[in-house]
Each structure stands twice: as C-alpha cells, then as structure tokens.
Amino acid sequence: MRKLRPILAVIVALSILLLSGCADIQALFSNTDSDFYEIKAISDKAEIYNSIDISGDNILLLTASGIENYKLTVYDAKNNKITAEVILNDCPLDFIAGAKFKSENEIIVYDDGNDDAVIYDLALNQTGTTEYVNTDNYDSAPESGLLNDSFSFYDTYAYFNQGDNCYFLFYDDPESVYVFDGTDETIYCADGKNLFTEEVTYSKENDSSSATVYVKDVESGLCVNKMELEDIPGDLFNNILASAISDKYVCFANHVSNNNTGGSETALYLWKYAESPTNEKIEIKSMTESELLEDNERMISELHGTYGINVYPNKKPITGYDVELGVPPIRINNALTQLSACLALFPENFIQEIYKDAEYVNNFNIYIVDYIDGATAFAIDFLEDYEICFDSRGGFSKTVVFHELMHLIDNRIITYYEENGKDFISEWKKLNPADFEYGSEVDYDNPEEHFVSFYAMTTIDEDLADTFQTMYEAYIFEGDHRLKDYEHVKKKAVLLCEAIREAFPSMANADEVCWEKYIDLSK
C-alpha cells in the first residue's frame with residue numbers, strides 16, 4: 001500500500017488540528033483580479049498537496065485524499081484547464097514523496113527514501129523508471145564556506161532566516177549569499193533568482209494578523225509583485241502547504257479552516273504575477289564569504305566605537321553556563337545585525353551609563369557562542385567586567401537582548417535609589433501579592449495579575465527582566481494585553497519606566513522610548 005511516511009502524516013494531521021476554528025477561506029483571498037484565482041476544479045477534490053512544480057505553462061500537482069489515493073494532475077495555466085489526470089494506483093513505489101518535471105515533456109514521481117522514481121509523459125502515461133537523489137539536505141549541498149547547518153535546504157537553494165535578516169544562497173552560485181530584510185518572513189520556493197515568500201505581521205492586542213506574499217527578484221533587487229492578505233486570525237501561520245514559482249506563475253496550496261462547517265479546507269491558487277508587476281525596489285545585497293567576514297569585523301568595530309562594548313564571537317566568557325563555540329560567520333552576522341539595531345533603540349550614552357559609572361566595573365563584554373547548555377543567554381554583573389553571553393543557535397533575538405540588558409540596568413537603578421534614600425526593591429515587592437516569595441509555590445488565583453510570566457516569579461531579577469522584555473515586545477507587536485488589563489503588571493511597568501528615567505541622565509532629554517510606547521505614564 002502506498003502511503004505517506006508516518007512523520008509526514010502526523011505533521012499533516014497536526015496542521016489540520018491547529019488550524020481549526022479560523023476564518024473562512026474566502027475571507028482571506030480575493031478572486032476579483034484576473035491574474036489571481038482559485039483553481040476550484042482541483043481544490044474541490046484534493047485534501048493534501050504533496051508537491052507542486054511548474055514547467056512553461058504546465059503546472060504539475062501531486063495530491064491525495066486522506067493519506068493515500070495519490071493523484072497526478074497537469075494543469076494548463078495559459079488556457080486555465082486540466083489537460084491530464086491519473087490516480088497512481090499502478091505506481092510501483094513503496095512510498096510516494098513527491099513529483100516534479102524531469103524535463104519539459106517528462107515527469108518523475110519519486111520516493112526520496114529509496115532513491116527510486118517512475119517516469120511519466122505529459123499525458124501521464126508511465127514510460128519507465130529512473131533514479132532520484134534527494135538534494136534537500138546539508139550533505140548534498142554544494143561546497144561553500146557560506147553554507148552550514150543553520151540553513152534550510154531545498155532543491156535549488158538554501159536559506160537562513162532569523163530576526164531582521166534573511167540569508168539566501170542558490171546552489172548554482174554557492175559563493176554568494178543574498179542578504180535582505182526578512183523579518184517574520186518565510187521562503188516557500190525559488191526558481192532562477194526569483195523567490196516566493198510570505199511575511200506575517202501579528203498583533204497581540206487584536207489577536208489578528210495580516211500577511212503579504214511576495215515574488216522577489218534578488219539579482220535585480222526588485223519586489224516583482226506582492227499581494228496583501230488582511231484580517232487573518234492570530235493562530236494562522238505557515239499555512240501554505242506546497243508551492244512553486246516560475247518566471248510567470250506562482251501556484252500554492254493554502255490550508256485554512258472553514259467556520260461554516262467547523263472543519264478545514266485546502267484550496268489551490270494560481271497567481272500570474274508577471275502579468276501586472278509592481279517592480280518595487282527592495283534593500284538587498286550580495287556578499288561573498290570574505291565580504292561577510294569583513295562586514296562582521298565592521299559591525300564589531302562600530303559597536304566598540306559607538307558604545308565602548310567589546311564583542312567576542314566564538315570566545316568563552318570567564319564564568320557562567322557551559323558553552324560551545326564554532327558559530328558560523330552568517331549566524332555571527334545575524335547576531336551582530338540584531339544587536340546593533342537593538343542598541344540603537346536606546347538614547348545616546350544610555351548603554352555607556354549602564355557600566356561606565358559603576359564604581360567597580362571596567363568593561364562591558366558581549367560573547368556570541370554557538371550553544372549554551374541550559375539557557376538562551378545569561379548576564380554576569382558581579383565581576384570587574386559586565387558580561388552578556390548569547391546563544392546564536394537557539395534563536396538570537398532583540399527581545400532576548402532587552403531581557404539580558406535589564407540584568408545590568410537594574411544595578412544602576414538600585415544604586416541610584418539607595419543614594420537618594422529610597423529602596424527600589426521594596427517598592428517593586430509592594431506590587432506583588434501579600435506574603436509572596438520569589439521561587440515559592442504559587443497558592444493564589446490569577447498570578448498573571450502580578451507577573452508577565454511564570455519565569456518572572458522565580459527571582460526579582462527575572463521579574464524585572466521579563467517585564468522589561470514584555471514592554472519591548474509591546475512595542476514590536478503594537479500592544480500587549482498584560483500591560484493594559486492587569487493592574488499590578490501595569491504598575492510594575494510604570495515603576496520601571498520612572499526608575500529608568502530617574503537613574504539614567506541620558507533619559508533627561510529623551511522623547512518616548514520604545515519600551516514606554518504602550519505604558520500609561522500619566523497616572
């Protein structure tokens with residue numbers, strides 16, 4: 001019996017469950033434009049899309065009903081009609097993983113586990129067998145100092161996307177990496193030098209999202225075309241199951257839930273993006289390995305020159321958790337890019353005031369390592385050097401930077417309060433429940449009324465850091481209900497904002513800073 005591999009079946013099942021309860025599919029996409037429409041003749045019959053491929057005007061689809069009953073379909077995009085269709089009952093493969101064009105007039109259906117494939121012509125008649133080699137992995141990638149296991153690998157390209165930047169490499173040009181703003185962006189497919197991508201913007205405040213799908217030409221630095229999707233429910237992410245792109249078409253299958261039936265639907269869409277291009281300029285650059293290394297050195301030098309910070313990639317801090325080194329240059333570049341953007345959000349001289357006015361502190365050192373055992377980052381504030389160590393493999397982000405910076409910022413706040421006859425720790429603890437002790441068992445209702453997370457309940461240091469991180473996240477996501485709905489959390493945020501403004505001279509002339517954006521300081 002031919003069936004999906006067990007793990008793929010589980011993924012598909014989970015996708016269906018996770019997407020239950022969302023908006024109708026017709027609310028997400030418009031059929032008014034002639035260059036974009038649902039291929040209903042295929043949508044109405046298929047539940048699962050295993051693969052999509054495009055050659056010329058022909059679109060090849062491998063679909064299934066349930067976890068078997070595989071079907072091959074050839075669709076003529078120019079004339080908007082199905083030209084061939086066959087149920088793969090006679091396919092001799094033990095498992096069917098995908099299908100693609102072998103040439104303009106030949107198709108292969110393959111099992112990537114056994115490297116076997118069956119050849120079909122355009123009329124979907126079996127004509128022979130061949131060998132198929134799966135290239136979607138690190139081992140089969142071309143030799144390049146730019147490539148490493150941080151990348152996701154596909155037939156013709158690899159990409160690494162985290163935080164603000166996306167690093168994209170084509171297999172036919174492994175010595176150059178394209179770097180562009182890829183915030184919250186998922187890359188679905190590539191052909192030549194065109195990318196098909198989706199970017200989702202999520203608002204915690206409204207628990208809703210908007211999305212934009214793009215076709216980008218990385219060589220020309222142009223967004224060839226884009227399409228806006230509005231009012232997407234908050235839990236609807238990564239909903240494109242399969243996709244393909246050519247120099248004229250994008251074809252993708254989208255899995256969403258149907259409020260009318262309480263179930264879910266899978267719909268197939270064709271976007272003739274080349275018929276009405278927008279050709280907007282995008283910020284994108286191509287870098288060789290040597291240029292990437294030079295860029296890293298430049299950012300390290302600029303961070304030291306601007307803030308006096310010493311940044312040490314692939315070096316162990318003096319103390320703290322066990323760490324592993326070996327960070328690839330691209331992940332160093334990503335961490336430095338985000339760190340630079342994060343520190344730029346603080347007023348001038350603020351970062352220097354964290355450590356330069358501390359009586360016993362000589363330097364501020366930042367370490368970027370490959371892996372930290374048991375943490376994503378940690379801060380050391382009891383030595384002659386302030387130190388922060390970041391794990392680049394586990395998800396380096398600006399929110400983590402804000403969290404760790406608060407572990408250093410709080411020293412200046414506490415010292416300032418003491419010098420002025422006040423006790424910041426006591427003021428903070430007054431906003432906790434009566435008789436609460438950090439790290440103790442929680443035996444009262446609604447702890448979220450006082451804390452932004454359970455981790456914030458472990459120590460006062462983590463309470464401060466998680467609260468500060470939440471205030472920054474509100475800036476990113478345009479609000480946070482915890483800062484609006486929970487009275488004691490609101491009071492903690494206000495106290496922290498006021499304490500920072502009092503303790504840091506650089507705040508005297510600062511307008512509203514990012515962490516204050518959704519805090520009501522008028523009370």
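Numbers for residues simply follow the sequence, beginning at 1.
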Does Y321 OH have over 12 foreign heavy atoms under 6.0 Å away?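 No.
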Do [X] and [Y] come close enough that some side-chain heavy atom pair is under 4.5 Å?
{"X": "Y70", "Y": "C91", "value": "no"}
{"X": "Y178", "Y": "Y167", "value": "no"}
{"X": "T197", "Y": "V213", "value": "no"}

Shortest non-hydrogen contact from [X] to [Y]?
{"X": "A99", "Y": "Y110", "answer": "N-CE2, 3.5 Å"}
{"X": "L146", "Y": "V177", "answer": "CD1-N, 3.8 Å"}
{"X": "S392", "Y": "I368", "answer": "CB-CG2, 4.0 Å"}
{"X": "P142", "Y": "L147", "answer": "O-CD1, 3.5 Å"}
{"X": "C389", "Y": "I372", "answer": "O-CD1, 3.7 Å"}
{"X": "L270", "Y": "I39", "answer": "CB-CD1, 3.9 Å"}

Should [X] and [Y] count as an ion pair when the cut-off is N to O under 4.0 Å?
{"X": "E280", "Y": "K226", "value": "yes"}
{"X": "R393", "Y": "E324", "value": "yes"}
{"X": "R298", "Y": "E302", "value": "yes"}
{"X": "D172", "Y": "K193", "value": "yes"}

Is there a donor in the side chain of [X] and an acceptor in the side chain of [Y], or the other way round, less than 3.5 Å apart?
{"X": "T470", "Y": "D480", "value": "no"}
{"X": "K272", "Y": "N80", "value": "yes"}
{"X": "D57", "Y": "Y249", "value": "yes"}
{"X": "T73", "Y": "E85", "value": "yes"}
{"X": "S103", "Y": "N105", "value": "no"}
{"X": "D295", "Y": "N333", "value": "yes"}
{"X": "S55", "Y": "E104", "value": "no"}
{"X": "Y120", "Y": "E106", "value": "no"}
{"X": "D121", "Y": "T127", "value": "no"}

What about the rings of Y214 and Y188, do their centers lie closer together than 6.0 Å?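 That pair fails the under 6.0 Å test.
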Would a line drawn from the ring center of F252 to the ring center of F196 be shorter than 6.0 Å? yes
Which label fits [X] and [Y]: parallel for a plane angle under 30°, tilted from 30 to 60°, or perpendicular past 60°?
{"X": "F151", "Y": "F153", "value": "tilted"}
{"X": "Y475", "Y": "Y472", "value": "tilted"}
{"X": "Y455", "Y": "H403", "value": "parallel"}
{"X": "F36", "Y": "W271", "value": "perpendicular"}

Pairwise distance [atom1]([X]) to [atom2]([Y]) - rounded to 0.5 angstrom:
{"X": "I366", "Y": "L405", "atom1": "CD1", "atom2": "CG", "answer": "7.0 Å"}
{"X": "S286", "Y": "D173", "atom1": "OG", "atom2": "CG", "answer": "6.5 Å"}
{"X": "Q338", "Y": "L343", "atom1": "CD", "atom2": "CG", "answer": "11.5 Å"}

For a side-chain contact (heavy atoms from CB on, under 4.5 Å) check, start with the C-alpha distance between Y132 and K100, then their side-chain angles and the critical distance, and finish with the verdict. CA-CA 11 Å; Y132 172 79; K100 62 175 63 178; 3.7 Å; yes
Could you walk me through whether V215 and L195 pass the side-chain contact (heavy atoms from CB on, under 4.5 Å) test, one step at a time? CA-CA 5 Å; V215 173; L195 312 179; over 6 Å; no
Under the ring-ring contact (aromatic ring centres under 6.0 Å, His included) rule, what do Y269 and Y37 come out as? Steps first, then yes or no, please. CA-CA 6 Å; Y269 290 91; Y37 61 90; 8.9 Å; no
One pair to check against side-chain contact (heavy atoms from CB on, under 4.5 Å): I54 and I245. What are the steps and the verdict? CA-CA 7 Å; I54 304 175; I245 186 173; 5.5 Å; no
With side chain to side chain donor-acceptor pair (under 3.5 Å) as the test, would you mind laying out the steps for N194 and D191 before giving the verdict? CA-CA 5 Å; N194 288 326; D191 177 77; 5.4 Å; no
Can you tell me if N314 uses its side chain to pair, donor with acceptor, with the backbone of V327 under 3.5 Å?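 Flag set: sc N314 to bb V327 pair under 3.5 Å.
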